[in-house]
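Below is one structure, written out as structure tokens, with a few remarks after it.
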Amino acid sequence: MSPMDRRTALGALAATPVVAACDPAAPPPGRTDEAALAAEDVVRDVAPLGFPWETLDPFLFCVHHDDAYPAGDERMGPAASLAGRAIGRDFAGKDGWRMYHGDVVPGFPQHPHRGFETVTVVRRGLVDHADSLGAAARYGRGDVQWLTAGGGIVHAEMFPLVEKDGPNPLELFQIWLNLPRADKLAEPRFVMMWGDTIPRQIARDAAGRTTEITIVAGRLGELRAPAPPPRSWAARAASDVAIWTLKMAPGARFTLPAASPGTNRALYFFRGAELRVGARRVPAAQRITLRDGVAALLENGPDEAELLLLQGKPIGEPVAQQGPFVMTSMAEVQQAFLDYRRTGFGGWPWPSDGPVHGRAEGRFARYPDGRIDKAG
């Protein structure tokens, strides 16, 4: 989620990944001999999770928002005092939740993007979207929005607290996926992936313990995720992009299939106690960078565990970033600021910087051409 509002964006000034060589003694791709995999050193690196989470090319970063919001008031803001919060930039987590850049409703009022994509995976709660193309959406509770910012878009991402008589928990990942130079100025567009269209698989190990895999991007066996926008790096079959979440029962075992050689892949172990990855034991709250070209046996510890998988072939181009703009040179970034000042990327057609939809509104998407799509 962009930490930049429009004023911050205008005032802002301001990776080549290391790919390990394959061990010739490693099991061949696809091998599922658990005894051999359990002894295999498939981990390149382990590092603590920060905020945001560090990623590998083609990803730019990932943030995990997990807020225990209270009941909502008549304006769908928190029915609680905002005293002691840095309103406009509240990231401290007081009382277990944050207003972020919102002043009434939590969230991220209008801010621009150019040159990359946002993939917003909402596990709990709702997000209200509005943008400079006149499009709008409300999504959440398992839905995903995939937005190609391309040549430039301004959008707001607000978190309406629709429940008046109880809590409004929100949990989401927002993942920034880079665009190659040839697609940096692609026409902006987004697709909605409603929760019931996103494939899931429940795998059982020899003892019957389960691992649930949700496939936001990529494929697992015969299961394939919904199509991303057409100019996405993930739309190219050779990119080997995968975005999965995994939920493992205590003690469960699951073999992560091999990625193709040259693919960067990392597991973000964000909930649980302990995980064994091949021959390595890993505590919770760690990023686990995996070797390419080999399968990885995961064995969970005593508590239920949850992980996010991000993988993809690197784009391998320079990355120049200032705030909400990600290009391949600083000259292109400066041009993005000039273009935004001149055009506003289409202007802002909404009555406020952080618009929200009606409390009773269901999950929907209204596209710039007027087409309306609703969750099933």
Going by an N to O cut-off under 4.0 Å, is there a salt bridge joining D240 and K313? no
Handout entry: Minimum side-chain heavy-atom gap V122-V144 below 4.5 Å
Key = no
### Query
Where do F51 and H65 land on the side chain to side chain contact (heavy atoms under 4.5 Å, CB included) test, with the steps shown first?
CA-CA 10 Å; F51 187 86; H65 294 289; 4.3 Å; yes
For residues 266-285, the side-chain hydrogen bond (donor to acceptor under 3.5 Å, both in side chains) pairs (sequence neighbours left out) are D66-R271, E171-R271, R271-E306, E274-R281
Any side-chain heavy atom of V162 within less than 4.5 Å of one from L126? yes
Any luck finding a side-chain donor-acceptor pair between W194 and D373 under 3.5 Å? yes
Item to complete: Give a yes or no on whether the backbone of S352 and the side-chain of W348 come within a donor-acceptor separation of less than 3.5 Å.
Response: yes
When every non-hydrogen atom of P349 is compared with those of S132, the smallest separation belongs to CD-CA, 4.0 Å
Heavy-atom nearest pair, P257 first then L220, reads CG-CD1, 3.8 Å
Requested in this report: Indicate if L309 and V46 have the same hydrophobic cluster label, given that clusters are the connected sets of ILVMFWY residues with side-chain heavy-atom separations under 4.5 angstrom.
Outcome: yes
Report task. For D165, look at atom CG and say whether over 12 heavy atoms of other residues, nucleotides or ligands are found less than 6.0 Å away. Result -> no
Mind checking whether P226 and P199 have side chains closer than 4.5 Å, heavy atoms only? yes
### Query
Taking C-beta and beyond as the side chain, do P160 and R138 meet within less than 4.5 Å on heavy atoms?
yes
Exercise. Find out whether D292 and N264 are in side-chain contact, i.e. whether some heavy atom of one side chain is under 4.5 Å from a heavy atom of the other.
Key: no
Taking the side chain from T55 and the backbone from L60, do they hold a donor-acceptor pair closer than 3.5 Å? yes
Worksheet entry | In one Ile/Leu/Val/Met/Phe/Trp/Tyr side-chain cluster, 4.5 Å: I288, M248 | yes
Here the gap from L56 atom CG to L290 atom CG, rounded to the nearest 0.5 Å, amounts to 10.0 Å
Kindly work out whether a path of hydrophobic side-chain contacts (I/L/V/M/F/W/Y, heavy atoms less than 4.5 Å apart) joins L133 to M158.
no
May I ask you to decide if the ring planes of F91 and Y100 are parallel, tilted or perpendicular, using 30° and 60° as cut-offs? perpendicular
With W97 as partner, the option from P167, P106, P78 fulfilling side-chain contact (heavy atoms from CB on, under 4.5 Å) is P78
Heavy-atom closest pair (N168 atom, A71 atom, distance to 0.1 Å) is ND2-CA, 3.5 Å
- Message: Which label fits H113 and W176: parallel for a plane angle under 30°, tilted from 30 to 60°, or perpendicular past 60°?
- Response: perpendicular
*Any I175 side-chain heavy atom under 4.5 Å of I243 side chain*: yes
So with a 6.0 Å cut-off around CD of E187, is the heavy-atom count from everything else above 12? no
Closest non-hydrogen contact found for P48 with Q286 is N-OE1, 3.3 Å
Of F364, Y139, F190, the one forming a ring pair (Phe, Tyr, Trp, His ring centres under 6.0 Å) with H129 is F190
inquiry  = Less than 4.5 Å apart, side chain to side chain, heavy atoms only: is that true for R236 and P180?
reply    = yes
Closest heavy-atom pair, A296 versus V42, reported as atoms and distance to 0.1 Å, is CB-CG2, 3.9 Å
Is the number of heavy atoms from other residues, nucleotides or ligands under 6.0 Å of R124 CZ greater than 12? yes
CD1 of I215 to CZ of R224, rounded to nearest 0.5 Å, is 10.5 Å
Side chains of V216 and T245 in contact at under 4.5 Å (non-hydrogen atoms) = no
* Asked: Should the pair D41-R291 be classified as a salt bridge under the 4.0 Å nitrogen-to-oxygen rule?
  -> no
Is there a path of hydrophobic side-chain contacts, each under 4.5 Å between heavy atoms of I, L, V, M, F, W or Y residues, that connects V154 with L185?
yes
- Treat each ILVMFWY residue as a node, draw an edge where side-chain heavy atoms are under 4.5 Å apart, and state whether V105 and I87 are in one component. no
Smallest heavy-atom separation, A136 atom then W350 atom, equals CB-CH2, 3.8 Å
If you count every heavy atom of other residues, nucleotides or ligands that lies below 6.0 Å from K94 atom NZ, does the total exceed 12? yes
- prompt: Step by step, would you call E157 with Q174 a side-chain hydrogen bond (donor to acceptor under 3.5 Å, both in side chains)?
  reply: CA-CA 11 Å; E157 303 156 288; Q174 189 169 92; 2.7 Å; yes
| request: Decide yes or no on side chain to side chain contact (heavy atoms under 4.5 Å, CB included) for R265 and L310, but give the supporting numbers first. | output: CA-CA 6 Å; R265 65 187 339 201; L310 297 181; over 6 Å; no
Query raised in the report: Once the angle between the rings of F159 and F108 is folded into 0 to 90°, is it parallel (under 30°), tilted (30 to 60°) or perpendicular (over 60°)?
Result: perpendicular
- Task: Determine yes or no for a side-chain-to-main-chain donor-acceptor pair under 3.5 angstrom, with D205 supplying the side chain and G208 the backbone.
- Result: yes
Rounding to 0.5 Å, atoms CG (L308) and CG (L246) come to a distance of 8.5 Å
- Query: Quick one: does N178's side chain have a donor or acceptor within less than 3.5 Å of a partner on F59's backbone?
  - Reply: no
So CG of L223 and CD1 of I213: to nearest 0.5 Å the spacing works out to 9.0 Å
Q. Between L307 and F269, is a side chain to side chain contact (heavy atoms under 4.5 Å, CB included) present by the stated rule, with each step listed?
A. CA-CA 5 Å; L307 304 100; F269 181 22; 4.1 Å; yes
Evaluate T148 against E117 for side-chain hydrogen bond (donor to acceptor under 3.5 Å, both in side chains), listing each step before the verdict. CA-CA 4 Å; T148 302; E117 300 185 284; 2.6 Å; yes
(Q) Is it the case that the side chain of Q321 and the backbone of G323 share a donor-acceptor pair, with hydrogens and angles ignored and the cut-off at 3.5 Å? (A) yes
Taken to the nearest 0.5 Å, the spacing of E212 CD from E304 CD works out to 9.0 Å
### Audit row: K184, R114, side chain to side chain contact (heavy atoms under 4.5 Å, CB included) steps and yes/no
CA-CA 7 Å; K184 287 288 187 187; R114 172 180 277 188; over 6 Å; no
Please check if the side chain of D339 supplies one atom and the backbone of R342 the other of a donor-acceptor pair under 3.5 Å. no
Taken to the nearest 0.5 Å, the spacing of T120 OG1 from F173 CZ works out to 12.0 Å
Checklist entry - salt bridge (Lys or Arg N to Asp or Glu O under 4.0 Å) between D143 and R363: does it pass, once the steps are laid out? => result CA-CA 9 Å; D143 303 328; R363 289 147 54 220; 2.8 Å; yes
Applying salt bridge (Lys or Arg N to Asp or Glu O under 4.0 Å) to R253 and not counting sequence neighbours gives E34, E299
| said: For a salt bridge (Lys or Arg N to Asp or Glu O under 4.0 Å) check, start with the C-alpha distance between R98 and D67, then their side-chain angles and the critical distance, and finish with the verdict. | reply: CA-CA 7 Å; R98 304 157 185 83; D67 290 283; 2.8 Å; yes
Verify, without hydrogens or angle tests, whether E332 (side chain) and T328 (backbone) share a donor-acceptor contact under 3.5 angstrom. yes
